[in-house]
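Remarks on the structure that follows.
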Number of protein chains: 4
Amino acid sequence: MSNPALEPASTTRAPGRPRSEEARKAILQSTLELLKQFGFNDLSIESIAGHAGVGKATVYRWWPNKAALVVDAFVSVVDAELRYPSTGPAEKAFREQMERWIPIFNSPLGKVIAAVIGAGQSDPEIIEAFRAHWVEPRRREARELLKQSMKAGEIRCDIDPDTILDILYGPLYLRLMVHHEPLTLELVDKIFAMVLPGLRPQRQSLQR
Amino acid sequence: MSNPALEPASTTRAPGRPRSEEARKAILQSTLELLKQFGFNDLSIESIAGHAGVGKATVYRWWPNKAALVVDAFVSVVDAELRYPSTGPAEKAFREQMERWIPIFNSPLGKVIAAVIGAGQSDPEIIEAFRAHWVEPRRREARELLKQSMKAGEIRCDIDPDTILDILYGPLYLRLMVHHEPLTLELVDKIFAMVLPGLRPQRQSLQR
Amino acid sequence: MSNPALEPASTTRAPGRPRSEEARKAILQSTLELLKQFGFNDLSIESIAGHAGVGKATVYRWWPNKAALVVDAFVSVVDAELRYPSTGPAEKAFREQMERWIPIFNSPLGKVIAAVIGAGQSDPEIIEAFRAHWVEPRRREARELLKQSMKAGEIRCDIDPDTILDILYGPLYLRLMVHHEPLTLELVDKIFAMVLPGLRPQRQSLQR
Amino acid sequence: MSNPALEPASTTRAPGRPRSEEARKAILQSTLELLKQFGFNDLSIESIAGHAGVGKATVYRWWPNKAALVVDAFVSVVDAELRYPSTGPAEKAFREQMERWIPIFNSPLGKVIAAVIGAGQSDPEIIEAFRAHWVEPRRREARELLKQSMKAGEIRCDIDPDTILDILYGPLYLRLMVHHEPLTLELVDKIFAMVLPGLRPQRQSLQR
DNA sequence: CAATAATCGAGACGGTACGTCACGTCTTCTT
DNA sequence: AAGAAGACGTGACGTACCGTCTCGATTATTG
């Protein structure tokens, strides 16, 4: 993102005082904290700088705007963690996965995820970063698991894995964003009760 | 919301100059126009008032904040349309309804809906207004239709209607917000292919 | 200066909320106060607004920059006051005048005058305003008195009044600005001791 | 001020890399150049360093603030010139000296002097630097010349030399700062026409 | 037909945050 | 040790909107 380390490796350091790593970490940490508290709109660069004990200019030196900063903060916390690979029968694996999501969506991180998706509605870069750093890493594994299960004849193979995942996870994201109903473990049960029969191999596929 | 016509019908009119209907329309129209142009975040009440040729106070007199105004504006556009044909078999009714949503979600109005949900992640009042003026009116009818179908034994009755609706519409909203896959009519087909078997009355319900 | 009352008298008021006279006075008053304390350079619009209990935008609405504001403040305090007309023999009149200046130059107003001249070195408008509202009104009277004395044969008439005034007042302003020596009544005595002989009608004028 | 050469001459040089004389010259040169272009207020240390191809810290290492730097810069330009011819009759010496000032005050250097005095009204350090590095070196010689003339009975001795110098030079500085009248050679003539009679030994001194 | 009352437009008000700039200090590597 | 480079915390800049307010003008109902 704004990582100079990604530039072609040069043995010669840039001249001048190097960037303060403490400042960078404090800024990202404060961003997450205040994002949970206030959401994206009521989050001000000024308050982030103040909370991080950092000059406003230092924030603007490294991030062009609030959006880029929030994305960086979100990515930094989420990039390598929170992956729960599962094995065994697909049904059981997905049910376990989804049940693990419920408390996470209800935690402060859930608020951050919602805030990032929300902010992404005004800024294409944000939603793209969300897809690249959140959705896709998780989908990759899930897609693989689904394909194997399809090959094994456990689940129907006339519907692409991504759509299946949308059907399974769509309701969770909907409730995360709209708050019309609580996000409970029971919801997972009901989703599976509804979807399982249709998940198994069908005699005629995609019938109307 | 801001509709005095909903007050108890009184033959006696309030004294004083009545509200200007032209101003109201101009404000809502300008809101939609600028919303499509700039998105929710870069939309200012000041610019709406200016564009509508209206005093800022006139906006604030009738809408408490930007969110309420935006929700009102887009509700005013789609209020009359998009009601469920409340008769016929439930399956067919929902499928037709969802298919009608696809082009709408892909139109500028879809961007408005996404913007409102997005803004709602920072402001509880917004998401509440979205629920009250958008989700709930539509759910009310859909819920009724589902209940009748349950009574008629057409669909299983061990899962509450709201969850069923979350499963049906969740994928649509997810794609609307995240843009990881396109919103096509095919998606509706696949959702139904997956969900229909589980929608019919089951021998044992909610089995794990 | 920034006085709309100077526009061609119109019977119709401008639309909108009228300008707050209290705010205007508070701003000018605070400007003078802080100018005395900090001088021109260390005077910030931000502090003026804060001290006056006024929004920063209100200052910028009416004055384009710090310089215009300081000039306005200076003029407002100085425009009609501090004129000490004197009659009688020119020598005595001027000596009295100058002696009256000493305590004024040593007072806070002296600091303001010095600050305005100082600021005028970076901004032609300031020094012009200083000339128009401070120097010229006082010179006008002094010039008149000198001309009458010349006609009466009391003082030489081969040197223009303005140069005489520069010689009399130059030392005062020099000490006001440079602070190399104190501004005392004694200085006035010495100036007159030096200048009086040359002030009387000379046999040969401007001899080298 | 920042002249290590004034330190007690030591045969042993300080350890480490010696001060770069090129840097010093480039800084002073850039200061003068930018000062003429932008005036004192809009002159930034940052721009001086940039223009001189020098690190900001190098400027701050040798000059405590902008004022000292500016004073140093313009002193460096005129340091060698403009010393009083310390012999001959005092009257003639001063007249010649003052006549030499007129074109200088009218040159860009005059603007610099005015800018420094102006800036000094906000910052005591500036006016002090001006006194120490500009006024005093010149006064020292002039004072000496006056004292010798007093001893020789050429000029009155009941008025201290500094006051005499204020009377002679006050009008010049006044016109330099206020611009109400032009600075011409004629002015010098008039000053001497006015002051000379009072400069000679008087029968009764300081009479009122 | 006035008096009253609520609306309208316009735009000034006290604020808050914006993104930029320069300050004077610091931390790095190079000379 | 001094050089350049340039990041650091700080604080003021001038701008844009916020939501509230005060104007005169307009448009209705009520006495």
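The figures that follow rest on heavy atoms only: side chains count, while hydrogens, waters and symmetry mates do not.
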Side chains of C:Arg19 and C:Trp62 in contact at under 4.5 Å (non-hydrogen atoms): yes
Which residue lies more 5' along DNA chain E, comparing A:Lys66 with D:Ile45 via nearest heavy atoms: A:Lys66
B/S/- contact track for nucleotides 26-31 of chain E, protein heavy atom under 4.0 Å: BBB--B
Integer-rounded Å distance: F:dA5 C1' and D:Arg61 CZ: 13 Å
Rounded interatomic separation in angstrom, taking CD from B:Glu46 and C1' from E:dG9: 14 Å
Listed nucleotide nearest any side-chain atom of A:Ser44, set E:dC13, E:dA17, F:dA7: E:dA17
A:Ser44 to A:Ser47 - nearest heavy-atom pair and separation: O-OG, 2.7 Å
Nearest listed nucleotide, side chain of A:Ser20, among F:dC8, F:dC17, E:dA12: F:dC8
Validation row: A:Lys25, A:Glu22 side chains within 4.5 angstrom (heavy atoms): no
B:Phe130 and B:Phe74 aromatic ring geometry - parallel, tilted or perpendicular at 30°/60° bounds: parallel
Selected nucleotide, minimal atom distance to B:Thr58 side chain, candidates F:dC18, E:dC8, F:dC8: E:dC8
Closest non-hydrogen atom pair, D:Lys66 against D:Phe40: NZ-O, 3.0 Å
Distance in angstrom units between B:Arg19 CZ and E:dA5 C1', rounded: 18 Å
Residue whose closest nucleotide on DNA chain E lies nearer the 5' end, A:Tyr60 versus C:Gly53: C:Gly53
Any donor-acceptor N/O pair, C:Thr31 side chain to C:Ile27 backbone, under 3.5 Å: yes
